[in-house]
Amino acid sequence: MSELEFDLFVIGAGSGGVRAARMSANYGAKVGIAEEFRIGGTCVIRGCVPKKLLVYAAQYGAGFEEAKGYGWSADNVRFSWGDMVAAKDAEIARLSGLYKKNLDKAGVQIFEERAELLGNGQVKLMSSGQVIRARKILIATGGTPRKLGLPGEELSISSNEAFDLPVLPEHILIAGGGYIACEFASIFAALGVQTTLVYRRDFVLRGFDMDLRKHVQNELINQGVRVITYANVSQIAKQNDRLIVQLDSGQPLTVDQVMMALGRTVAVEGLGLDRAGIAINDTGAIKVDEFGQTSADGVFAVGDVTDRTNLTPAAIREGAAFADSQFGPRRHSFDHKDVACAVFTQPAAGSVGLSEEDARERFGEIDVYRESFRPMRHTLSGRNERYLMKLVVRSLDQVVVGVHIVSDAAPEIIQIAAIAVKAKLTKQEWDETCAVHPTASEELVLMRQKLTA
Ligand code: NDP
(Lines give C-alpha, C1' and ligand atoms only; values in the text may rest on other atoms or scores of the structure.)
Protein backbone atom coordinates (compact mmCIF):
# COMPACT_ATOMS: atom_id res chain seq x y z
CA MET A 1 0.00 0.00 0.00
CA SER A 2 1.43 3.42 -0.88
CA GLU A 3 1.46 6.27 1.66
CA LEU A 4 -1.82 7.71 0.45
CA GLU A 5 -3.90 4.60 0.36
CA PHE A 6 -6.19 3.90 3.26
CA ASP A 7 -8.68 1.30 4.40
CA LEU A 8 -10.78 4.18 5.70
CA PHE A 9 -10.65 7.88 5.00
CA VAL A 10 -12.82 10.12 7.19
CA ILE A 11 -13.81 13.63 6.15
CA GLY A 12 -14.51 15.74 9.22
CA ALA A 13 -12.89 15.39 12.65
CA GLY A 14 -15.90 16.11 14.83
CA SER A 15 -17.53 13.80 17.35
CA GLY A 16 -18.74 11.15 14.88
CA GLY A 17 -15.71 11.20 12.59
CA VAL A 18 -13.13 11.02 15.36
CA ARG A 19 -14.90 8.15 17.13
CA ALA A 20 -15.18 6.16 13.89
CA ALA A 21 -11.56 6.86 12.93
CA ARG A 22 -10.10 5.89 16.30
CA MET A 23 -12.12 2.72 16.68
CA SER A 24 -11.47 1.59 13.10
CA ALA A 25 -7.74 2.16 13.58
CA ASN A 26 -7.87 0.21 16.84
CA TYR A 27 -9.44 -2.66 14.88
CA GLY A 28 -6.34 -2.63 12.66
CA ALA A 29 -7.53 -0.52 9.74
CA LYS A 30 -5.23 2.01 8.11
CA VAL A 31 -7.11 5.26 8.69
CA GLY A 32 -6.72 8.86 7.57
CA ILE A 33 -8.84 11.83 8.61
CA ALA A 34 -9.15 15.34 7.17
CA GLU A 35 -10.37 18.42 9.00
CA GLU A 36 -10.51 21.90 7.50
CA PHE A 37 -11.15 23.85 10.71
CA ARG A 38 -10.09 22.51 14.10
CA ILE A 39 -9.92 18.93 15.40
CA GLY A 40 -12.93 18.32 17.66
CA GLY A 41 -15.70 19.68 15.45
CA THR A 42 -18.70 21.76 16.40
CA CYS A 43 -19.28 20.16 19.80
CA VAL A 44 -15.81 20.80 21.14
CA ILE A 45 -14.84 23.97 19.33
CA ARG A 46 -18.04 26.02 19.00
CA GLY A 47 -20.93 24.04 20.36
CA CYS A 48 -21.74 21.91 23.41
CA VAL A 49 -18.49 22.37 25.31
CA PRO A 50 -17.93 26.16 25.14
CA LYS A 51 -21.72 26.61 25.51
CA LYS A 52 -21.74 24.60 28.74
CA LEU A 53 -18.81 26.66 30.03
CA LEU A 54 -20.82 29.82 29.33
CA VAL A 55 -23.81 28.26 31.09
CA TYR A 56 -21.64 27.76 34.18
CA ALA A 57 -20.45 31.36 33.93
CA ALA A 58 -24.05 32.52 33.69
CA GLN A 59 -25.14 30.41 36.68
CA TYR A 60 -22.60 32.08 38.96
CA GLY A 61 -24.31 35.42 38.34
CA ALA A 62 -27.62 34.10 39.61
CA GLY A 63 -25.83 32.24 42.40
CA PHE A 64 -24.30 35.43 43.83
CA GLU A 65 -27.74 37.01 43.93
CA GLU A 66 -29.40 33.96 45.48
CA ALA A 67 -26.65 33.57 48.08
CA LYS A 68 -27.86 36.74 49.81
CA GLY A 69 -30.99 34.88 50.91
CA TYR A 70 -28.71 32.37 52.60
CA GLY A 71 -26.78 34.90 54.62
CA TRP A 72 -23.95 35.69 52.24
CA SER A 73 -23.12 39.19 51.19
CA ALA A 74 -21.92 39.26 47.65
CA ASP A 75 -21.60 42.94 46.84
CA ASN A 76 -19.45 44.40 44.10
CA VAL A 77 -19.10 41.12 42.22
CA ARG A 78 -18.06 41.74 38.65
CA PHE A 79 -17.94 39.61 35.54
CA SER A 80 -15.21 39.91 32.92
CA TRP A 81 -16.30 38.59 29.54
CA GLY A 82 -12.70 38.87 28.30
CA ASP A 83 -11.38 36.67 31.12
CA MET A 84 -14.16 34.15 30.52
CA VAL A 85 -13.47 33.96 26.76
CA ALA A 86 -9.74 33.51 27.41
CA ALA A 87 -10.36 30.72 29.93
CA LYS A 88 -12.81 29.06 27.56
CA ASP A 89 -10.33 29.29 24.68
CA ALA A 90 -7.61 27.66 26.75
CA GLU A 91 -9.90 24.77 27.64
CA ILE A 92 -11.03 24.30 24.03
CA ALA A 93 -7.40 24.28 22.87
CA ARG A 94 -6.62 21.66 25.52
CA LEU A 95 -9.51 19.45 24.42
CA SER A 96 -8.73 19.82 20.73
CA GLY A 97 -5.13 18.85 21.50
CA LEU A 98 -6.37 15.81 23.40
CA TYR A 99 -8.51 14.70 20.45
CA LYS A 100 -5.49 15.03 18.20
CA LYS A 101 -3.28 13.12 20.60
CA ASN A 102 -5.78 10.28 20.82
CA LEU A 103 -6.04 10.07 17.04
CA ASP A 104 -2.23 9.96 16.85
CA LYS A 105 -2.10 7.30 19.53
CA ALA A 106 -4.53 5.13 17.57
CA GLY A 107 -2.30 5.55 14.48
CA VAL A 108 -4.76 7.70 12.51
CA GLN A 109 -3.04 9.98 10.00
CA ILE A 110 -4.37 13.53 10.34
CA PHE A 111 -4.60 15.99 7.45
CA GLU A 112 -5.47 19.48 8.66
CA GLU A 113 -6.95 20.68 5.40
CA ARG A 114 -10.14 20.51 3.41
CA ALA A 115 -10.96 17.29 1.58
CA GLU A 116 -13.39 16.79 -1.32
CA LEU A 117 -14.76 13.68 -2.98
CA LEU A 118 -13.55 12.80 -6.46
CA GLY A 119 -15.63 9.63 -6.86
CA ASN A 120 -14.41 6.05 -7.36
CA GLY A 121 -13.01 5.81 -3.84
CA GLN A 122 -10.86 8.91 -4.23
CA VAL A 123 -10.59 12.03 -2.12
CA LYS A 124 -8.61 15.19 -2.88
CA LEU A 125 -6.87 17.20 -0.19
CA MET A 126 -7.46 20.78 -1.24
CA SER A 127 -4.38 22.56 0.18
CA SER A 128 -1.71 20.04 -0.70
CA GLY A 129 -3.49 18.76 -3.82
CA GLN A 130 -2.76 15.17 -2.78
CA VAL A 131 -5.16 12.51 -3.97
CA ILE A 132 -6.10 9.73 -1.60
CA ARG A 133 -7.53 6.35 -2.43
CA ALA A 134 -9.61 4.65 0.23
CA ARG A 135 -11.45 1.34 0.40
CA LYS A 136 -14.08 3.05 2.49
CA ILE A 137 -14.91 6.72 2.93
CA LEU A 138 -16.84 8.17 5.85
CA ILE A 139 -18.43 11.62 5.54
CA ALA A 140 -18.81 13.29 8.93
CA THR A 141 -18.77 16.97 8.01
CA GLY A 142 -21.60 18.07 10.33
CA GLY A 143 -23.57 21.25 9.80
CA THR A 144 -23.33 25.02 9.69
CA PRO A 145 -25.69 27.80 10.83
CA ARG A 146 -28.55 28.36 8.39
CA LYS A 147 -28.57 31.65 6.50
CA LEU A 148 -31.77 33.10 5.07
CA GLY A 149 -30.31 35.73 2.74
CA LEU A 150 -32.16 38.61 4.44
CA PRO A 151 -31.16 42.20 3.70
CA GLY A 152 -28.44 43.12 6.19
CA GLU A 153 -27.99 39.52 7.44
CA GLU A 154 -24.22 39.98 7.15
CA LEU A 155 -24.47 42.39 10.08
CA SER A 156 -25.68 39.56 12.32
CA ILE A 157 -23.74 36.79 14.02
CA SER A 158 -24.45 33.10 14.49
CA SER A 159 -23.58 30.92 17.47
CA ASN A 160 -20.13 30.46 15.86
CA GLU A 161 -19.24 34.08 16.56
CA ALA A 162 -21.21 34.40 19.80
CA PHE A 163 -18.48 32.49 21.63
CA ASP A 164 -15.82 35.01 20.69
CA LEU A 165 -17.47 38.41 20.83
CA PRO A 166 -14.86 41.05 21.68
CA VAL A 167 -17.27 42.61 24.19
CA LEU A 168 -20.66 41.71 25.59
CA PRO A 169 -23.34 43.76 23.84
CA GLU A 170 -25.68 45.91 25.89
CA HIS A 171 -28.71 44.67 24.00
CA ILE A 172 -28.87 41.55 21.84
CA LEU A 173 -31.69 40.32 19.66
CA ILE A 174 -31.78 36.58 19.06
CA ALA A 175 -33.87 35.22 16.20
CA GLY A 176 -35.21 31.66 16.51
CA GLY A 177 -36.90 29.48 19.08
CA GLY A 178 -34.83 26.28 19.05
CA TYR A 179 -32.07 24.93 21.26
CA ILE A 180 -29.47 27.54 20.36
CA ALA A 181 -31.79 30.56 20.55
CA CYS A 182 -33.13 29.55 23.98
CA GLU A 183 -29.76 28.60 25.44
CA PHE A 184 -28.04 31.78 24.32
CA ALA A 185 -30.98 33.97 25.36
CA SER A 186 -30.69 32.48 28.83
CA ILE A 187 -26.89 32.85 28.93
CA PHE A 188 -26.87 36.47 27.73
CA ALA A 189 -29.72 37.47 30.05
CA ALA A 190 -27.95 35.92 33.03
CA LEU A 191 -24.77 37.79 32.12
CA GLY A 192 -26.68 41.05 32.33
CA VAL A 193 -27.29 41.64 28.62
CA GLN A 194 -30.68 43.08 27.69
CA THR A 195 -32.01 40.21 25.62
CA THR A 196 -34.85 40.01 23.12
CA LEU A 197 -35.88 36.73 21.52
CA VAL A 198 -37.91 36.81 18.33
CA TYR A 199 -39.73 33.63 17.33
CA ARG A 200 -42.15 32.97 14.49
CA ARG A 201 -44.66 30.78 16.40
CA ASP A 202 -46.40 30.70 19.80
CA PHE A 203 -44.01 28.81 22.08
CA VAL A 204 -40.30 28.08 21.75
CA LEU A 205 -38.82 24.58 21.34
CA ARG A 206 -41.24 23.19 18.79
CA GLY A 207 -41.18 19.40 18.87
CA PHE A 208 -40.91 19.24 22.66
CA ASP A 209 -43.83 18.57 25.01
CA MET A 210 -46.17 21.60 25.10
CA ASP A 211 -46.06 21.92 28.91
CA LEU A 212 -42.27 21.96 28.75
CA ARG A 213 -42.34 24.56 25.95
CA LYS A 214 -44.64 26.87 27.88
CA HIS A 215 -42.64 26.40 31.06
CA VAL A 216 -39.30 27.19 29.40
CA GLN A 217 -40.77 30.24 27.68
CA ASN A 218 -42.22 31.50 30.99
CA GLU A 219 -38.89 31.01 32.71
CA LEU A 220 -37.06 32.89 29.94
CA ILE A 221 -39.47 35.77 30.50
CA ASN A 222 -39.04 35.38 34.25
CA GLN A 223 -35.30 35.63 33.71
CA GLY A 224 -35.78 38.97 32.00
CA VAL A 225 -35.78 37.92 28.35
CA ARG A 226 -38.24 39.85 26.22
CA VAL A 227 -39.93 37.22 24.06
CA ILE A 228 -41.64 38.44 20.91
CA THR A 229 -43.71 35.69 19.30
CA TYR A 230 -45.34 35.45 15.87
CA ALA A 231 -42.54 37.60 14.45
CA ASN A 232 -39.65 37.26 12.03
CA VAL A 233 -36.63 39.44 11.41
CA SER A 234 -37.07 40.84 7.93
CA GLN A 235 -34.17 43.28 7.66
CA ILE A 236 -31.14 44.53 9.57
CA ALA A 237 -29.48 47.90 9.00
CA LYS A 238 -26.61 49.74 10.64
CA GLN A 239 -27.14 53.14 12.19
CA ASN A 240 -24.04 54.66 13.77
CA ASP A 241 -22.78 51.92 16.10
CA ARG A 242 -26.12 50.23 16.54
CA LEU A 243 -28.33 47.90 14.52
CA ILE A 244 -31.90 48.60 13.51
CA VAL A 245 -33.87 45.38 13.19
CA GLN A 246 -37.09 45.42 11.22
CA LEU A 247 -39.58 42.73 12.23
CA ASP A 248 -42.36 41.68 9.89
CA SER A 249 -44.77 42.27 12.77
CA GLY A 250 -44.25 45.88 13.67
CA GLN A 251 -41.94 48.51 15.07
CA PRO A 252 -38.18 48.34 14.41
CA LEU A 253 -35.93 47.53 17.36
CA THR A 254 -32.56 49.14 18.03
CA VAL A 255 -29.97 46.74 19.43
CA ASP A 256 -26.20 46.27 19.56
CA GLN A 257 -25.99 42.73 18.25
CA VAL A 258 -28.25 40.38 16.31
CA MET A 259 -27.76 36.63 16.56
CA MET A 260 -29.50 34.37 14.07
CA ALA A 261 -30.26 30.90 15.48
CA LEU A 262 -32.55 29.59 12.78
CA GLY A 263 -31.37 26.03 12.60
CA ARG A 264 -28.43 24.45 10.86
CA THR A 265 -27.87 23.15 7.37
CA VAL A 266 -25.71 20.18 6.45
CA ALA A 267 -22.12 20.99 5.53
CA VAL A 268 -21.90 19.47 2.06
CA GLU A 269 -21.27 22.49 -0.13
CA GLY A 270 -18.57 21.76 -2.66
CA LEU A 271 -17.94 18.33 -1.18
CA GLY A 272 -18.47 16.58 -4.52
CA LEU A 273 -21.55 14.53 -3.65
CA ASP A 274 -22.68 14.53 -7.30
CA ARG A 275 -19.29 13.38 -8.53
CA ALA A 276 -19.35 10.54 -6.04
CA GLY A 277 -22.96 9.56 -6.83
CA ILE A 278 -24.23 10.28 -3.32
CA ALA A 279 -27.95 10.94 -3.04
CA ILE A 280 -29.45 13.52 -0.70
CA ASN A 281 -32.93 13.70 0.82
CA ASP A 282 -35.39 16.58 0.57
CA THR A 283 -33.70 18.54 3.37
CA GLY A 284 -30.38 18.29 1.53
CA ALA A 285 -28.94 15.80 4.02
CA ILE A 286 -27.02 12.72 2.90
CA LYS A 287 -29.36 9.75 2.55
CA VAL A 288 -28.16 6.74 4.51
CA ASP A 289 -29.51 3.41 5.64
CA GLU A 290 -29.40 2.38 9.30
CA PHE A 291 -25.73 1.41 8.92
CA GLY A 292 -24.72 4.79 7.52
CA GLN A 293 -24.39 3.40 3.97
CA THR A 294 -24.96 6.10 1.32
CA SER A 295 -26.17 5.45 -2.22
CA ALA A 296 -22.52 5.13 -3.36
CA ASP A 297 -20.65 1.88 -2.79
CA GLY A 298 -18.02 2.16 -0.07
CA VAL A 299 -19.16 5.62 1.04
CA PHE A 300 -20.79 6.09 4.45
CA ALA A 301 -21.98 9.05 6.50
CA VAL A 302 -22.63 9.69 10.20
CA GLY A 303 -23.68 12.62 12.37
CA ASP A 304 -25.44 15.88 11.57
CA VAL A 305 -24.64 15.61 7.86
CA THR A 306 -27.29 12.87 7.74
CA ASP A 307 -29.82 15.03 9.68
CA ARG A 308 -31.25 12.28 11.88
CA THR A 309 -30.67 12.81 15.62
CA ASN A 310 -28.51 15.92 15.53
CA LEU A 311 -26.85 15.46 18.87
CA THR A 312 -23.22 14.72 19.73
CA PRO A 313 -23.83 11.44 21.58
CA ALA A 314 -25.87 10.17 18.62
CA ALA A 315 -23.04 11.00 16.20
CA ILE A 316 -20.59 9.21 18.50
CA ARG A 317 -22.80 6.11 18.64
CA GLU A 318 -23.27 6.17 14.87
CA GLY A 319 -19.50 6.44 14.40
CA ALA A 320 -18.91 3.58 16.82
CA ALA A 321 -21.52 1.37 15.15
CA PHE A 322 -19.92 2.12 11.78
CA ALA A 323 -16.47 1.09 13.04
CA ASP A 324 -17.79 -2.07 14.73
CA SER A 325 -19.74 -3.03 11.61
CA GLN A 326 -17.10 -2.29 8.97
CA PHE A 327 -13.84 -3.14 10.75
CA GLY A 328 -14.83 -4.79 14.00
CA PRO A 329 -16.54 -7.92 15.20
CA ARG A 330 -20.21 -6.94 15.14
CA ARG A 331 -22.61 -5.53 12.56
CA HIS A 332 -25.09 -3.30 14.36
CA SER A 333 -26.69 0.11 14.12
CA PHE A 334 -27.54 2.89 16.53
CA ASP A 335 -31.09 2.94 17.84
CA HIS A 336 -32.42 6.48 17.41
CA LYS A 337 -35.45 5.85 19.64
CA ASP A 338 -35.77 7.39 23.11
CA VAL A 339 -32.63 9.50 22.94
CA ALA A 340 -32.68 11.88 25.89
CA CYS A 341 -31.84 15.52 25.32
CA ALA A 342 -31.40 18.68 27.33
CA VAL A 343 -31.71 22.37 26.66
CA PHE A 344 -29.32 24.31 28.88
CA THR A 345 -31.51 27.25 29.75
CA GLN A 346 -31.86 28.51 33.33
CA PRO A 347 -33.55 26.42 34.68
CA ALA A 348 -32.72 23.74 32.14
CA ALA A 349 -35.04 21.40 30.29
CA GLY A 350 -34.66 17.67 29.86
CA SER A 351 -36.77 15.35 27.80
CA VAL A 352 -36.90 11.72 26.76
CA GLY A 353 -39.48 9.71 24.85
CA LEU A 354 -42.77 11.04 23.57
CA SER A 355 -44.41 14.38 24.27
CA GLU A 356 -47.98 14.25 25.56
CA GLU A 357 -49.18 15.34 22.11
CA ASP A 358 -47.20 12.68 20.22
CA ALA A 359 -48.14 9.93 22.69
CA ARG A 360 -51.82 10.80 22.41
CA GLU A 361 -51.59 10.67 18.63
CA ARG A 362 -49.70 7.38 18.68
CA PHE A 363 -51.60 5.52 21.42
CA GLY A 364 -54.90 7.32 21.82
CA GLU A 365 -55.36 6.63 25.52
CA ILE A 366 -52.66 8.05 27.77
CA ASP A 367 -52.34 9.13 31.40
CA VAL A 368 -50.54 12.31 32.30
CA TYR A 369 -48.89 13.17 35.62
CA ARG A 370 -47.59 16.69 36.08
CA GLU A 371 -46.34 18.89 38.89
CA SER A 372 -45.15 22.45 38.67
CA PHE A 373 -43.65 23.85 41.85
CA ARG A 374 -41.25 26.33 43.38
CA PRO A 375 -38.19 24.34 44.43
CA MET A 376 -37.03 24.36 48.05
CA ARG A 377 -33.82 26.15 47.07
CA HIS A 378 -35.81 29.22 46.12
CA THR A 379 -37.70 29.47 49.40
CA LEU A 380 -34.70 31.43 50.72
CA SER A 381 -33.05 32.59 47.51
CA GLY A 382 -36.01 34.82 46.77
CA ARG A 383 -35.97 33.76 43.14
CA ASN A 384 -39.36 33.25 41.60
CA GLU A 385 -38.44 30.23 39.52
CA ARG A 386 -40.55 27.10 39.05
CA TYR A 387 -39.74 23.55 38.10
CA LEU A 388 -41.78 21.10 36.05
CA MET A 389 -41.92 17.32 36.34
CA LYS A 390 -44.11 15.41 33.92
CA LEU A 391 -44.68 11.76 33.09
CA VAL A 392 -46.57 10.53 30.05
CA VAL A 393 -47.92 7.00 30.51
CA ARG A 394 -49.49 4.65 27.94
CA SER A 395 -52.86 3.70 29.50
CA LEU A 396 -52.97 0.23 27.99
CA ASP A 397 -49.94 -1.22 29.79
CA GLN A 398 -48.93 1.68 32.09
CA VAL A 399 -45.49 1.98 30.48
CA VAL A 400 -43.91 5.43 31.00
CA VAL A 401 -43.31 6.60 27.43
CA GLY A 402 -42.24 10.19 28.06
CA VAL A 403 -40.49 12.20 30.78
CA HIS A 404 -40.26 15.99 30.62
CA ILE A 405 -38.48 18.06 33.22
CA VAL A 406 -37.60 21.70 33.77
CA SER A 407 -35.19 22.12 36.67
CA ASP A 408 -31.62 23.16 37.33
CA ALA A 409 -30.67 19.50 37.34
CA ALA A 410 -32.90 18.45 34.43
CA PRO A 411 -29.98 17.43 32.17
CA GLU A 412 -28.59 15.20 34.93
CA ILE A 413 -31.97 13.73 35.91
CA ILE A 414 -33.10 13.00 32.36
CA GLN A 415 -30.00 10.90 31.72
CA ILE A 416 -31.14 8.46 34.41
CA ALA A 417 -34.84 8.71 33.50
CA ALA A 418 -33.85 7.67 29.97
CA ILE A 419 -32.72 4.29 31.30
CA ALA A 420 -36.18 3.66 32.76
CA VAL A 421 -37.92 4.80 29.56
CA LYS A 422 -35.61 2.69 27.41
CA ALA A 423 -36.27 -0.26 29.75
CA LYS A 424 -40.02 0.34 29.32
CA LEU A 425 -40.69 0.45 33.06
CA THR A 426 -44.27 0.94 34.16
CA LYS A 427 -45.68 3.76 36.28
CA GLN A 428 -46.06 1.25 39.11
CA GLU A 429 -42.35 0.43 38.92
CA TRP A 430 -41.52 4.13 39.08
CA ASP A 431 -43.85 4.45 42.09
CA GLU A 432 -42.29 1.47 43.86
CA THR A 433 -38.96 3.27 43.77
CA CYS A 434 -38.47 5.05 47.07
CA ALA A 435 -37.98 8.83 46.96
CA VAL A 436 -34.74 10.62 47.82
CA HIS A 437 -35.69 13.46 50.14
CA PRO A 438 -35.49 16.41 49.97
CA THR A 439 -34.94 16.67 46.22
CA ALA A 440 -36.90 18.10 43.34
CA SER A 441 -36.68 14.88 41.36
CA GLU A 442 -38.46 12.88 44.07
CA GLU A 443 -41.64 14.21 42.46
CA LEU A 444 -41.00 11.74 39.64
CA VAL A 445 -41.77 8.81 41.95
CA LEU A 446 -44.42 10.57 44.02
CA MET A 447 -46.93 11.78 41.44
CA ARG A 448 -50.19 9.88 42.02
CA GLN A 449 -52.78 12.27 40.70
CA LYS A 450 -53.69 11.46 37.12
CA LEU A 451 -54.66 14.56 35.18
CA THR A 452 -57.74 14.49 33.06
CA ALA A 453 -56.97 15.76 29.58
P1 NDP B 1 -33.39 24.22 15.91
O2 NDP B 1 -33.77 23.37 14.76
O3 NDP B 1 -33.44 23.66 17.28
O4 NDP B 1 -34.25 25.55 15.90
C5 NDP B 1 -34.31 26.35 14.77
C6 NDP B 1 -35.25 27.49 15.06
O7 NDP B 1 -35.23 28.39 13.97
C8 NDP B 1 -36.69 27.03 15.24
O9 NDP B 1 -37.26 27.78 16.27
C10 NDP B 1 -37.31 27.35 13.90
O11 NDP B 1 -38.67 27.66 13.99
C12 NDP B 1 -36.56 28.60 13.51
N13 NDP B 1 -36.51 28.81 12.06
C14 NDP B 1 -36.06 27.95 11.13
N15 NDP B 1 -36.16 28.48 9.90
C16 NDP B 1 -36.69 29.72 10.07
C17 NDP B 1 -37.04 30.76 9.19
N18 NDP B 1 -36.87 30.64 7.88
N19 NDP B 1 -37.55 31.88 9.71
C20 NDP B 1 -37.75 32.01 11.04
N21 NDP B 1 -37.43 31.05 11.92
C22 NDP B 1 -36.90 29.92 11.44
O23 NDP B 1 -31.94 24.73 15.55
P24 NDP B 1 -30.79 25.41 16.38
O25 NDP B 1 -30.07 26.26 15.42
O26 NDP B 1 -31.29 26.01 17.63
O27 NDP B 1 -29.88 24.16 16.76
C28 NDP B 1 -29.46 23.27 15.73
C29 NDP B 1 -29.39 21.87 16.22
O30 NDP B 1 -28.23 21.71 17.03
C31 NDP B 1 -30.55 21.45 17.13
O32 NDP B 1 -31.62 20.97 16.41
C33 NDP B 1 -29.93 20.39 17.97
O34 NDP B 1 -30.05 19.19 17.28
C35 NDP B 1 -28.48 20.81 18.07
N36 NDP B 1 -28.21 21.47 19.37
C37 NDP B 1 -28.34 20.75 20.51
C38 NDP B 1 -28.10 21.33 21.73
C39 NDP B 1 -28.24 20.52 22.96
O40 NDP B 1 -28.26 19.30 22.88
N41 NDP B 1 -28.39 21.14 24.13
C42 NDP B 1 -27.70 22.73 21.86
C43 NDP B 1 -27.62 23.41 20.59
C44 NDP B 1 -27.87 22.79 19.40
P45 NDP B 1 -39.81 26.52 13.98
O46 NDP B 1 -39.84 25.97 15.35
O47 NDP B 1 -41.01 27.27 13.60
O48 NDP B 1 -39.38 25.53 12.95
Side-chain angles (χ1 to χ4, degrees), residues 14-16 41-56 58 142-150 153 156-163 173-187 197-210 212-213 216-217 220 227-236 245-249 258-267 283-285 303-316 318 336 339-352 355 357 405-406 410-412 414-415 418:
S15 301
T42 301
C43 175
V44 173
I45 308 297
R46 46 194 183 190
C48 328
V49 174
K51 182 275 307 289
K52 188 76 186 277
L53 295 175
L54 286 185
V55 168
Y56 286 134
T144 55
R146 173 180 289 133
K147 292 216 162 70
L148 299 187
L150 299 174
E153 196 172 352
S156 69
I157 58 166
S158 70
S159 54
N160 285 352
E161 294 76 35
F163 291 112
L173 181 146
I174 300 178
Y179 283 82
I180 295 179
C182 292
E183 291 182 343
F184 272 92
S186 192
I187 289 168
L197 183 132
V198 174
Y199 177 48
R200 64 179 171 181
R201 296 180 206 264
D202 48 0
F203 294 101
V204 294
L205 296 178
R206 186 170 64 85
F208 283 80
D209 182 273
M210 187 49 103
L212 181 147
R213 295 172 65 187
V216 169
Q217 186 152 313
L220 283 173
V227 178
I228 304 177
T229 52
Y230 295 113
N232 285 292
V233 169
S234 55
Q235 187 177 329
I236 308 167
V245 185
Q246 184 61 56
L247 304 184
D248 59 2
S249 64
V258 177
M259 175 175 158
M260 302 298 249
L262 304 175
R264 294 173 64 85
T265 51
V266 291
T283 67
D304 288 7
V305 77
T306 63
D307 194 20
R308 291 174 290 170
T309 307
N310 295 334
L311 298 171
T312 295
I316 291 174
E318 288 166 22
H336 288 256
V339 174
C341 63
V343 186
F344 292 89
T345 43
Q346 216 167 294
S351 184
V352 65
S355 66
E357 299 74 32
I405 301 172
V406 182
E412 307 291 340
I414 208 70
Q415 176 67 84

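Remember, it's a predicted structure, so these values are computed and weren't measured experimentally. Every number for a ligand or one of its atoms is a count from 1 in the order of the listing.
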| note | Shortest non-hydrogen pair, Gln217 vs Val204, comes out as OE1-N, 2.8 Å
| Closest protein heavy atom (residue, atom, distance) for atom 46 (O) of ligand 1 | Tyr199 OH, 2.6 Å
| note | Minimal heavy-atom distance between Tyr179 and Cys341, with the atoms involved, is OH-SG, 3.4 Å
| remark: re atom 48 (O) of ligand 1, the protein heavy-atom contact at minimum distance is Arg206 NH2, 2.7 Å
| query | Ile174 and Phe184: which non-hydrogen atoms are nearest, and at how many Å? | reply | CD1-C, 3.7 Å
| Which atoms of ligand 1 sit under 4.0 Å from any heavy atom of Lys51? | 41 (N), 42 (C)
| task | Around atom 26 (O) of ligand 1, find the nearest protein heavy atom and jot down its residue, atom name and distance. | result | Ile180 N, 2.8 Å
| said: Which option wins on minimum heavy-atom distance to atom 25 (O) of ligand 1: Gly350, Ala340, Gly263? | reply: Gly263
| said: Please state which option from Arg146, Glu183, Arg200, Arg213 has its nearest heavy atom closest to atom 11 (O) of ligand 1. | reply: Arg200
| remark: For atom 18 (N) of ligand 1, the closest protein heavy atom turns out to be Leu148 CD2, 3.5 Å
| query | Is there side-chain contact between Phe344 and Cys182, with at least one heavy-atom pair below 4.5 Å? | reply | no
| Do side-chain atoms of Glu153 reach the backbone of Gly149 as a donor and acceptor pair under 3.5 angstrom? | yes
| query | Do Lys147 and Met260 come within less than 4.5 Å of each other through their side chains, counting heavy atoms only? | reply | no
| Atom indices of ligand 1, in the order listed, that fall short of 4.0 Å to a heavy atom of Ala342 | 39 (C), 40 (O), 41 (N)
| request: Around atom 38 (C) of ligand 1, find the nearest protein heavy atom and jot down its residue, atom name and distance. | output: Tyr179 CD2, 3.2 Å
| remark: In terms of heavy-atom contacts, Ala349 and Ala410 come closest through C-CB, 3.8 Å
| Any nitrogen or oxygen of Arg264, main chain or side chain, under 3.5 Å from a nitrogen or oxygen of ligand 1? | no
| task | Can you pull out the closest protein heavy atom to atom 35 (C) of ligand 1? Residue, atom name and distance to 0.1 Å, please. | result | Asn310 O, 3.5 Å
| query | Does any N/O atom on Phe344 come nearer than 3.5 Å to any N/O atom on ligand 1? | reply | no
| field | Under 4.0 Å to a heavy atom of Asn232 - the qualifying atoms of ligand 1, by number | value | 19 (N), 20 (C)
| Sub-4.5 Å side-chain heavy-atom contact between Val343 and Leu205 | yes
| task | Work out which heavy atom in Val266 is nearest to a heavy atom in Asp304; give both atom names and the distance. | result | CG1-O, 3.4 Å
| request: Please confirm whether Ala261 comes under 4.0 Å of ligand 1, counting heavy atoms of the residue only. | output: yes
| said: Just to confirm my output: which protein heavy-atom neighbour is closest to atom 1 (P) of ligand 1, and how far is it? | reply: Gly178 CA, 4.0 Å
| query | Taking heavy atoms and a distance under 4.0 Å, where does Thr312 meet ligand 1: side chain, backbone, both or neither? | reply | neither
| message | Could you identify the single nearest non-hydrogen protein atom to atom 9 (O) of ligand 1 and state the distance to 0.1 Å? | response | Gly177 N, 2.9 Å
| field | Polar side-chain atom of Thr309 near backbone of Leu311 as donor-acceptor pair, under 3.5 Å | value | no
| request: Write down the atom of Asp202, the atom of Tyr199, and the distance for their closest heavy-atom approach. | output: N-CE2, 4.3 Å
| Region of Asp304 that comes within reach of ligand 1 [heavy atoms, distance under 4.0 Å] | neither
